[in-house]
Amino acid sequence: MSSPRRRIETDVMKLLMSDYEVTLVNDNMQEFYVRFHGPEDTPFAGGVWKVHVELPDQYPYKSPSIGFMNKIFHPNIDELSGSVCLDVINQTWSPMFDMINIFEVFLPQLLRYPNPTDPLNGEAAALLMREPQAYENKVKEYVNRFATKEAADAANESSSEDEVSSVDSYSDEEEGPDMEL
Amino acid sequence: MIYFTGGRNLIGDLPLKVRHLPPVKLIFSMPSNYPIEESLQFELECCWMRWDWIRRLEKRLLKIWEEERDVVCLLQYISIEFYNIGQTTLKTLMRTYDQQANNQDFVNDHFTCGICLEEKRGDKCYRLNLCQHVFCQVCLREYFMMLIREGFVIQVKCPDPGCKSQNKLTKEEITEIVGNEMSQRYTELLEKQKLETDPLVTYCPRKVCQAPVRKESAVEKLCVCTKCTFAFCWFCQRTWHGVGVPCAINNLRKVVQEYMAADEATKSMLELRYGTKNIEKLVRDAQEEMETDKWMKSNTQKCPQCETAIEKSMGCNHMLCTRCETHFCYLCGNWIDPEEPYSHFNNPKSSCNQRLFDGANVDEFVADDFIFV
């Protein structure tokens, strides 16, 4: 099974050229983090998220997996795992899509137009439908608490803590790989 | 009506639609011993036919005389036969030439494949019939092979997300792209998925056969395999036991239950009656089946259309069957209208009202929850 090797390189280069901050994992083009900024004119504005991207060996025939590392309050993003529920990066993925589509169109669109009828975060969905103002406040609160530049930098594999401050002190089997023997 | 496309030997580059062509001139002389011994001396002149077409046409005309010798064939030349040539041969010739020229243009052209983003010569590319979208052969093959290998055959269509033609590719195209073996698997999977969504289809219980068998009527329980002619019962999947005889499977279940609950004495009696090995196997199978059933019941929901057991890994309870694309509810297993999928969860009369995301985060919760619904 061959995959267009150059596509992976081209896509990562395109991300870098479009001024995205990309951190490669293990110098491997197939796994990296992208710093993602909340779109303007939305309650997510000003937020910074570290988004984990993993390109499968069969990329772009298969879609990449996308996950938010630091917390975000959004109906279609799982609060604990950061998994994103978005048809275009799952069932209706096309091999003609690329990273730029994801970071410049799909994700900003998802934040701008959440779909509360198909939620991964039930609380966020319910709040958005019943009390839009409270939803907006909670989104902003999360942005202030969890989506600062520092929080995005500090976010690691286990972002399930309630408090940002506990990220550093928290340590158990979920600690980052650098702490393992 | 003839369409000229591509401007190779023709006027400009614009397609040209013509109803009339300049005439074909037949310049002839009749030798004195015509038509008995010599043929008509003739030559064709035509400004729009290629020289090899003209030669071919001349040969055909000559053949008429050779076949019929003593018949006066001039009239035939200018009427019947030429009419035929104009209607069929010429049309074929033109179409063939047009296709050849188009293919040649395609092969010599360069295309940027929208998948690997590499520019490749036409001979390394493939143009999809229906939508005319072009991709490189490697990408189309690898992408389609991945989809077929993983069973996503309904996704095998033009990879362009903006493509309006949502139609399936023809079998010939698929074979050309992924080869015979994969194309066969594609067809098999597609047919299998079609059969699986058919509630009146089962599979021949003979392990060596396993051909799909369609039940003739909804009430009849006798099935006869169309491939190996094995007659079996629809319900118990065993050799046909006649209409009046109850299905053996109930009996076996009872035996197994009886055996499992029995004391040592009864056990050995049952072993004597049914054979130790048989009993052992039955018990083993029954336990396995129970375990599987238990797991399936608590971890999956059946698609109401094709009955494929679907395990939800995450997300809400609005499910889309990966096999037949049927929309259904993960809680109650009922079909959901794809036009209004969420009305099922917003209807106060529905048992799933306001439960769209019940158990979305905690797996165990989902499992326990829907068993008792």
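Just so we're on the same page: letters track the sequence lines, and every chain starts at 1. Side chains included, hydrogens not; waters and symmetry mates left out as well; all remaining heavy atoms used.
Using a 4.5 Å heavy-atom threshold, the side chains of B/Ile177 and B/Leu128 count as touching.
Taking the six-membered ring for Trp and thresholds of 30 and 60 degrees, A/Trp49 and A/Phe36 have ring planes inclined between 30 and 60 degrees apart.
Looking at A/Thr10, only its side chain comes within 4.5 Å of chain B, counting heavy atoms on both sides. With a 4.5 angstrom heavy-atom cutoff, B/Cys139 touches chain A via backbone and side-chain atoms both. B/Phe345 does not touch chain A: none of its heavy atoms, backbone or side chain, sits under 4.5 Å away.
Using a 4.0 Å cut-off between charged nitrogen and carboxylate oxygen, B/Arg185 and B/Glu181 do not count as a salt-bridge pair.
Side-chain contact check for B/Asp123 and B/Gln137: no donor-acceptor pair (N or O, by modelled atom type) lies under 3.5 Å.
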